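Below, chains carry the letters A, B, ... as their sequence lines are ordered, and counting in each starts from 1. Since we're looking at a predicted model, the values are computed, not measured.
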Amino acid sequence: MADPQEVLARRVQSALGAAFGSEYADADPVIRPSQFADFQANVALALAKQLRRSPRDAAAAIVEHLDVSDVCREVEISGPGFINLTLRDEWIADRVQDLLSDERLGTPVQERQNIPIDYSAPNVAKEMHVGHLRTTVVGDALARTLEFLGHHVIRQNHIGDWGTPFGMLIEHLLEVGEDSADAALLKSDPNAFYQAARAKFDGDEDFATRARRRVVALQSGDAETLRLWHDLIELSKIYFNRIYDRLDVTLTDDDLAGESTYNDMLGPICDELSEKGLAVVSDGALCVFLDGFTGREGKPVPLIIRKSDGGYGYATTDLATIKYRVEQLKADRIVYVIGAPQSLHLRMVYETARQAGWLGDAEPIHVQIGNVLGSDGKILRTRSGAPIRLMALLDEAVERASAVVAETRPELDEQTRAAIARDVGIGAVKYADLSIAHDTEYVFDFDRMLALNGNTGPYLQYAVARIRSIFRRGGLDPAQATGPVLVTEPAERALALRLLGFGPTVVQVGDTLEPHRLCAYLFDLAQAFTAFYEACPVLKAERDDVRASRLALTAATLSTLVKGLDLLGVRAPEQM
RNA sequence: GCGCCUGUAGCUCAGUGGAUAGAGCACCGGACUUCUAAUCCGACGGUCGCAGGUUCGAAUCCUGCCAGGCGCGCCA
């Protein structure tokens, strides 16, 4: 067990049992990182009243029964009753030594859960925008992290591939020709295609009529219409996959589970909800009304599962996703990485599913994605007010990174520089999305996300590049840097202690579904490494054993940073 | 009107009910014959929106208020 907090928690619990009786042995020992020691146990203050003793008395009793001599160098009662715990240097060194031969870097394998993750969800024949970027990047990081923790992750890309706009889109595709340049726009600039179709729909009455008729044909399964519809989706998939490739996202065609895949479930869902008395007709629409959901003037908010024209909306489809994921995918947790504004809608969907008895023991979780804002504090758009094209935005990030690389590394060949610029530019954008709490809005700023200082992708990538440079210079293989690890210098100690935090952090990210905690950890680790790098020569260490130890610390930092970035979906280039 | 979210340093953001609330940027002062100075060190900077409450202890939990954002019946 490498996690100091966990080790100390168990020891303190034993002491609690010994000091106050077995009924206290499972009390939370409240171990926290401390500014006065490595950790502090605050349990004495929490239990003092219950024990009818002063907090310092309680702390003294705990310390008296506390057996940590192998782990801690110093145990001290401080202030009103804090127990300050300082780890032994050798204990820290031994734990880092363990990490060197542990491919999981101290991360436990958890009991396997089935976890469908719904993320990305772009629309066919529509440009992805920065909102899609964020759900894609965050969802992908969660998928990678949960998989690493041992879970069975089922990626679900709930693309918008059904609905009334398809009449207009299909009709437009038919007019321009499936092999035309206009149709090819779907692969590169889908909004241009969509807007052309829209313009015809709004301006041409005959076209609009044909489009409406086409929707009916689509819904009734007309073969030729379905073929065209399928074409649209194929062309759009090319666009999606271009974006996913560029972004280094793990989504593939196998993960596509668009709205249309649930079509057959929608009617039966409405029937079942009606039979169960959950759904009633109101103003011609089939609705579910739930207690506690009221809107304007106290009127109950309906979840409309069948529109008055007989069509189905997204509420029904979302209900279908729950049913499918519970019944077919055997989900334990169902993760929806979706915009924060849909919170009310999703709560109603979850509650409806629960009342219908579809949820079982599965837990649906909404990972709320906050809006991405421009520097003006409003939803990010171009100066003309149009949504920003995602590919153009990614290109700009790479271009900016490219300019910096050209300036700072002129000696590298063009191909190498381009590869670095690509990793840094894309990594910067992704990391910016990941490093901020997913449910808050954040201000998009190229200059800040590409900065080499601060909690940025490039800063972490640079730390990795410097480490690799050390091994390159020394003609050494990180895998051969096996120590033994010695901890003497303060910077060595601080770095070693940080290294022990990786596993616990990954576990926390899996529990809370908050990737920004991993970012904060990695940033902290990189800072500790940089301080170490400044203070402790590695290759030029004056003694062989010190050199071997520092190489081992450096190698452990390398694998931790690379693994952490990998879980986030951020590449770490060989050099920068 | 109801509901959800947010309010922390000039700016962008962290912050597990624990001691003196942190980081990056910006500003100021230092550090390159050195494993990548694109990196580091230091200083400056706070009535944690306001007011109550719970608690031994509150940025954190509860209530009210203020400000901003978003949502609230046939788009998704």
Side-chain angles (χ1 to χ4, degrees), chain A residues 5 30-36 40 42 45-46 48-49 54-55 78-82 84 121 123 158 160 163-165 259 282-287 292-309 311-315 317-318 338-345 347 368 370-371 373 377-379 404-405 407-409 435-437 439-443 445 447-448 450-456 458-459 462-463 465-474 508 512 516-517 519-520 523-524 526-527 529-531 533-541 550 554 575-576:
Chain A
Q5 211 161 329
V30 199
I31 310 290
R32 297 285 184 270
S34 174
Q35 51 190 316
F36 303 102
Q40 58 185 54
N42 302 333
L45 290 93
K49 181 173 272 185
S54 80
S78 161
F82 300 108
N84 289 346
N123 291 313
H158 193 73
T164 47
E259 294 171 343
S282 167
D283 291 344
L286 188 62
C287 304
F293 293 92
T294 52
R296 289 195 182 87
E297 290 138 35
K299 280 169 67 178
V301 177
L303 187 71
I304 297 174
I305 57 173
R306 192 172 59 218
K307 299 187 284 185
S308 52
D309 67 2
Y312 302 103
Y314 70 131
T317 316
D318 284 345
I338 295 178
Q342 295 201 47
S343 161
L344 174 67
H345 163 75
R347 280 191 297 136
Q368 304 193 21
N371 288 325
L373 309 178
K378 298 190 171 157
I379 304 249
V404 177
V405 177
E407 194 178 328
T408 54
R409 301 301 302 272
S435 60
I436 289 173
D439 57 348
T440 57
E441 298 178 328
Y442 91 95
V443 177
D445 181 341
D447 289 331
R448 199 164 50 242
L450 283 161
L452 259 294
N453 285 313
N455 189 7
T456 69
Y459 180 85
Y462 190 54
R466 290 169 82 180
I467 291 175
R468 287 182 165 145
S469 173
I470 291 174
F471 287 103
R472 215 163 28 236
R473 282 244 166 191
Q508 191 184 28
T512 62
H516 78 277
R517 294 182 183 280
C519 296
F523 177 51
D524 190 43
Q527 284 194 124
F529 174 76
T530 307
Y533 183 92
E534 295 283 327
C536 303
V538 178
L539 293 175
K540 296 174 183 171
R550 287 180 181 170
T554 304
Q575 52 178 331
M576 275 177 71

CG/A:Asp318 to CD1/A:Ile305 distance, rounded to the nearest 0.5 angstrom?
12.5 Å
Among B:rU16, B:rU36, B:rA19, the nucleotide that comes nearest once only the side chain of A:Gln5 is considered
B:rU16
Note: for A:Gly454 and A:Val443 on RNA chain B, the residue whose nearest nucleotide lies more 5' is A:Val443
Is there a stack between A:Phe36 and B:rA19, judged by ring centres under 5.5 Å and planes under 30°?
no
Of B:rU36, B:rA38, B:rA19, the nucleotide closest to the side chain of A:Thr408 is B:rA38
Do A:Ser282 side-chain and B:rG73 base share a donor-acceptor contact under 3.5 Å?
yes
Among B:rC74, B:rC4, B:rC13, which nucleotide sits nearest the side chain of A:Ile436?
B:rC13
Selection from B:rA76, B:rA23, B:rC35 that lies nearest to any side-chain heavy atom of A:Glu259
B:rA76
Nearest-nucleotide pick for A:Tyr462, side chain only, options being B:rU34, B:rU36, B:rA14
B:rU36
Dot-bracket for RNA chain B, please, read 5' to 3', with Watson-Crick or G-U wobble pairs under 3.5 Å on both distances, ( ) within the strand, [ ] crossing, | other strand, . unpaired.
(((((((..((((....[...))))..(((.........)))......(((((..]....))))))))))))....
When you measure from the side chain of A:Glu534, which nucleotide among B:rC40, B:rG18, B:rC35 comes out closest?
B:rC40
Anti/syn call for B:rC48, syn if |chi| within 90°
anti
Using the P atom in both, what is the distance from B:rU16 to B:rU33, to the nearest Å?
43 Å
Closest of B:rG73, B:rC13, B:rC4 to the A:Pro302 side chain is B:rG73
Polar pair under 3.5 Å, donor/acceptor by atom type, side chain A:Ser435, base B:rA14:
no
Proximity to the side chain of A:Lys307 - top-ranked nucleotide from B:rG15, B:rG18, B:rC74
B:rC74
Check every strand shown and say whether A:Val301 touches a base, only sugar-phosphate, or nothing at a heavy-atom separation below 4.0 Å.
sugar-phosphate
Run the side chain to side chain contact (heavy atoms under 4.5 Å, CB included) check on A:Ile470 and A:Thr554 step by step: do they pass?
CA-CA 9 Å; A:Ile470 291 174; A:Thr554 304; 4.3 Å; yes
Among B:rU36, B:rA76, B:rC40, find the nucleotide with the atom closest to the side chain of A:Tyr459.
B:rC40
When we call it a touch if two heavy atoms are under 4.0 Å apart, what does A:Asn84 touch: a base, just sugar-phosphate, or nothing?
base
Please state the P separation for the pair B:rU60 and B:rG71 - nearest whole angstrom.
29 Å
Side-chain contact check for A:Arg32: nearest option of B:rG18, B:rU36, B:rA38 is B:rG18
Of A:Arg296 and A:Ala465, the one whose closest RNA chain B nucleotide lies more 5':
A:Arg296
On the side chain of A:Gln527, is there an atom forming a donor-acceptor pair with the base of B:rA23 - under 3.5 Å, no angle test?
no
